[in-house]
Amino acid sequence: MKKTIFLVFCTLLCNTLLADEGMWMINDLDSTDWEKMQSLGLSIPLEQIYNTEKPSIKDAVVQFNGGCTGITVSAKGLIFTNHHCGYDAIQSQSSLEHDYLKDGFVSQIMEEEIPIPGMYVAYLRHSEDITEKILSSVAGLSDENGRYAKIDSLVIAIQDSVNNGNTFTDARVVSYYSDNKYFLHVYENYTDVRMVFAPPSSVGKFGGDTDNWMWPRHTGDFSIFRVYAGKDNKPADFNEENIPHQPRSFAPVSLKGYAEKDYTMTIGYPGHTDRYLSSWGVMQSLKDGNLPRIEVRGAKQEIWRKAMESSDEIRIKYSSKYARSSNYWKYSIGMNRGIERLHVIEKKQELEKEFQSWVEKNPDKKELYGNAIDLIREGYQASSEQQLALTYLSETLLRGTEVIRMATNIINFSPSDSLEKQMDYIQNEIFGPYKDYEPALDQQVLATMMRLAKNNLPSQYLPDAFTKIDKKYKGNYEQFAADLFKKSVIPYPEKLMDMLKDKKKYKKLEKDPAYELAMSCRMSYFDIGGDGIDAITNITEGERLFMAGLQEMQPTKLSPDANFTMRLSYGSVGSYIPFDGAWYDYYTTTKGIFEKYRKNDPEFDVQPEILNLLESKDFGAYGNQLGDMNLCFISNNDITGGNSGSPVFNGKGEVIGLAFDGNWEAMSGDIVYEPKIQKTISVDIRYVLFMVDKWGKCSRLLEELDLSGRK
């Protein structure tokens, strides 16, 4: 829970929470929430959704590989999630001979399901409010840094006690409401996860970057995996003798579809929201975070895109990297536009004035919360230059350039670890990235990133290596990059392995030009962080005090910011008006694929056999009442990143879709909820099953499901 300067801290929120807003902790919902859900169409009792004594829907929802959500849909551990959540796995198993990204993947028998090294699925087993235990340990402590040091120690002790050396138990103490509340969540991690089914990217990624974050959508964003366990049904590392996991609960799947205003419920693991961010925090996020990120990633992606279009081999290697980079790049663009359009900063300033006025009117509140706003303001104003420098340093060199990241992995190697940990680190962290690495391409990126860093980093935070580099190369970073890739062993696994094996050669590694550059960047990172410690301490204390006061000032219950813990949101299917003179329907059909289709276009091309399949209109149980088939739909559920792959349930607790995106007009939703236009975009479960059945001809998977509405 230690705070680092590059993190944006939560502080303020919008004036009033509306009924459909909120990524709620399931065990924190009260009677008012359940009455609202029932009025929208929920027809099952709370105990069927969340139950601490018996299996419930909660037990079927999984955290998928640390960054997404999935839903268990069969008694044999079958997991539905998004195509983009499984994209790394699909890419990792792809080659020129087996291009699963382009052609898709279908396993017709269990023996064909492909193990994915490093992938895991986490089931939430237990949650406990430990706020009193945590906060009582720091009662009376006025020093903020001392407070967090003591909490950190206690958290580690609690987690270690629960884990008790079990590598498959994952105890996490998580703070809520700006460190005013703490929960212990205990997960069971399953590490034998196998790829079962993936549609071609022409389906799973239809529309590419152009359609990303947009509605209407026609993307079959799904993939299917299976969790395996030991013969005792407990977590176990991959073994050919492992059997399909028998889950505590799995969700039924509906073929009945939906209509406008029908109830929708998502349960998943949203990542991060900043609904309580102050006006100064919002300004810093836009100016010192998003703007440099947009500039740097745009430049890098242009280099990657050209290379990917010219080579299938590079396309396979870089497709997943490009998708990850581009997703947050476009998100940052939309966020900045939304914040400005909705006058979010002005609204935050109004709330800050209201809070301060409330504090000043009550001597007791003034003593408790009187300096909260000042601490926040002073902290953000003092940290602006450091935040900008950290963003540029991270985006250009530390994370933006692969050769520096590889060198950093070598720097981070710990010879004091056990031999097992050392071998695992060498195999996965040091040599793992080479599978999808192209040195000649990274050389181009390095030259561009060096120039961007030089032009944008304040001189006091520019890595020391630039002094020597600029003196020798006089700003010719193309020549510098060429020389680095010629002299360094780090871009080439065979050369690196040869050096690591020889103790005499190994000592020379610190003189390697890529190693030296990475170390210089690392030292600059620490220098920036050191300069911002006092500012971050102020922000941390200010936001904690403000949130505590705000909960007293606000008459309504506040939804905690997302933090990768399980949340429920509820809403309804519905159309919306994105801007004046326009109206968007709540679902799309196959007609849109034919309208968007462009032959040989990397984003909108579709294989002839799939077009023929859709054109035949042999939809059967998966079709709608108009003789077509729904592909995607929208609802006003409140989600964010990490919710990708979250099941969308109807009022009976049946899966009707998988959430995969938000809409462009509401890209500021992580900071401010926009009730009139904020939408969750989901793939219709009937489209998923159609592809499994009609395209994949994989009836064995359908036989595992609890299907309702089968015609």
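Count residues from 1 along the sequence.
Judged purely by distance below 3.5 Å, without hydrogens or angles, the side chains of Tyr380 and Gln387 never pair a donor atom with an acceptor atom. One side chain, Asp531 or Tyr461, offers a donor N or O that lies under 3.5 Å from an acceptor on the other. A donor and an acceptor atom, one from each side chain of Tyr123 and Asn189, are nowhere located under 3.5 Å apart. Side-chain N/O atoms of Thr264 and Asn637 include a donor and acceptor closer than 3.5 Å. In summary, the side chains of Glu552 and Tyr369 do present a donor paired with an acceptor at a separation below 3.5 Å, with no hydrogens or angles considered. Side-chain atoms of Ser383 and Gln284 form a donor-acceptor pair, as typed in the model, at a separation below 3.5 Å. Side-chain contact annotation: Tyr269 with Ser646, donor-acceptor N/O pair under 3.5 Å absent. Inspection of the His272 and Thr640 side chains reveals no N or O donor paired with an N or O acceptor under 3.5 Å. Looking only at atom types and distance, the side chain of Lys287 has a donor-acceptor partner in the side chain of Ser384 under 3.5 Å away. Counted by atom type alone, Arg544 and Ser178 present zero donor-acceptor pairs between their side chains at under 3.5 Å. A side-chain N or O of Asp670 and one of Tyr331 form a donor-acceptor pair less than 3.5 Å apart. Between the side chains of Arg522 and Asn412, at least one donor N or O sits under 3.5 Å from an acceptor N or O. Using modelled atom types and a 3.5 Å distance limit, the side chains of Arg324 and Ser326 yield no donor-acceptor pair. Gln356 and Glu352 share no donor-acceptor pair across their side chains, judged by distance under 3.5 Å alone.
Taking the centre and axis of the six-membered ring of Trp358, the NZ or CZ atom of Lys353 falls outside the cone set by 45° and 6.0 Å. Within the cation-pi definition used here (under 6.0 Å to the ring centroid, within 45° of the axis), Lys348 does not qualify as a partner of Trp280.
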Please evaluate residues Thr540 and Leu375 with respect to the criterion side-chain contact (heavy atoms from CB on, under 4.5 Å), reporting the C-alpha separation (whole Å), side-chain torsions for both, the decisive distance (0.1 Å), and the verdict. CA-CA 9 Å; Thr540 301; Leu375 286 168; over 6 Å; no

Show your reasoning for whether side-chain contact (heavy atoms from CB on, under 4.5 Å) applies to Cys521 and Leu397. CA-CA 7 Å; Cys521 292; Leu397 299 174; 3.6 Å; yes

Evaluate side-chain contact (heavy atoms from CB on, under 4.5 Å) for Phe649 paired with Leu42, printing each intermediate quantity in order. CA-CA 10 Å; Phe649 298 100; Leu42 178 66; over 6 Å; no

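When atom types are taken as modelled, the side chain of Thr131 and the backbone of Tyr182 share a donor-acceptor pair closer than 3.5 angstrom. A donor-acceptor distance shorter than 3.5 angstrom exists from the side chain of Trp329 to the backbone of Ile294, with no hydrogens or angles considered. With Asp661 contributing its side chain and Trp213 its backbone, the two residues share a donor-acceptor pair below 3.5 Å. Counting only distance, with no hydrogens or angles, the side chain of Asn663 and the backbone of Lys679 share a donor-acceptor pair below 3.5 Å. Side-chain atoms of Lys557 never come within 3.5 Å of backbone atoms of Gln551 as a donor-acceptor pair (strictly under, hydrogens ignored). Not a single donor-acceptor pair under 3.5 Å links the side chain of Tyr328 to the backbone N or O of Arg293. A side-chain donor-acceptor contact under 3.5 Å links Asn166 to the backbone of Phe168. Asn82 places a side-chain N or O within donor-acceptor distance of the main-chain N or O of Gly645, the cut-off being under 3.5 Å.
Contact check for Pro560 versus Met25: side-chain heavy atoms found under the 4.5 Å cut-off. The closest side-chain heavy-atom distance from Asn51 to Lys58 is not below 4.5 Å. In this structure, the side chains of His126 and His185 stay at 4.5 Å or more apart for every pair of heavy atoms. No side-chain heavy atom of Glu128 sits under 4.5 Å from any side-chain heavy atom of Phe183. Looking only at side-chain heavy atoms (C-beta outward), Met449 and Leu452 come within less than 4.5 Å of each other. Between Met566 and Ile26 there is a side-chain heavy-atom pair separated by less than 4.5 Å. Leu658 has its side chain out of reach of Ser682: every pair of non-hydrogen atoms, C-beta onward, lies at least 4.5 Å apart. Contact of the Pro647 side chain with the Met265 side chain is not registered, since no non-hydrogen atoms from C-beta on lie closer than 4.5 Å.
Residues Glu21 and Arg275 are paired through a salt bridge, judged by an N-O separation under 4.0 Å between the basic side chain and the carboxylate. Using a 4.0 Å cut-off between charged nitrogen and carboxylate oxygen, Arg341 and Glu674 count as a salt-bridge pair. One finds no salt bridge joining Asp33 and Lys36 here, because no Lys/Arg side-chain nitrogen approaches an Asp/Glu carboxylate oxygen to under 4.0 Å. Under a 4.0 Å N-O distance rule, the pair Arg172/Asp170 qualifies as a salt bridge. Salt-bridge formation is not detected for the pair Glu47/Lys54: no Lys NZ or Arg NE/NH1/NH2 atom is positioned less than 4.0 Å from an Asp or Glu carboxylate oxygen.
Here the shortest heavy-atom pairing between Gly22 and Ser569 reads O-CB, 3.6 Å. Minimum interatomic distance between Asp179 and Arg147 (heavy atoms only, all atoms of both residues): O-NH2, 4.3 Å. Closest of all the heavy-atom pairs between Trp664 and Met214 is CB-SD, 3.4 Å. Taking each heavy atom of Gln159 and Val173 in turn, the nearest pair found is OE1-N, 2.9 Å. Across every non-hydrogen atom of Leu154 and Ser137, the tightest pair is CD2-OG, 3.6 Å. Heavy-atom minimum distance, Ala372 versus Leu545: CB-CB, 3.9 Å.
To the nearest 0.5 angstrom, Leu291 atom CG is 10.0 Å from Ile333 atom CD1. Rounded to the nearest 0.5 Å, atoms CD1 (Ile536) and CD (Glu541) are 13.5 Å apart. Separating the CG atom in Asn27 from the CG atom in Asp129 is a distance of 8.5 Å, to the nearest 0.5 Å. With rounding to the nearest 0.5 Å, the separation of CD in Glu295 from OG1 in Thr391 is 11.5 Å.
Heavy-atom neighbours of Glu340 CD from other residues, nucleotides or ligands within 6.0 Å: at or below the threshold of 12.
For Tyr120 and Tyr190, the ring centers sit 6.0 Å or farther from each other.
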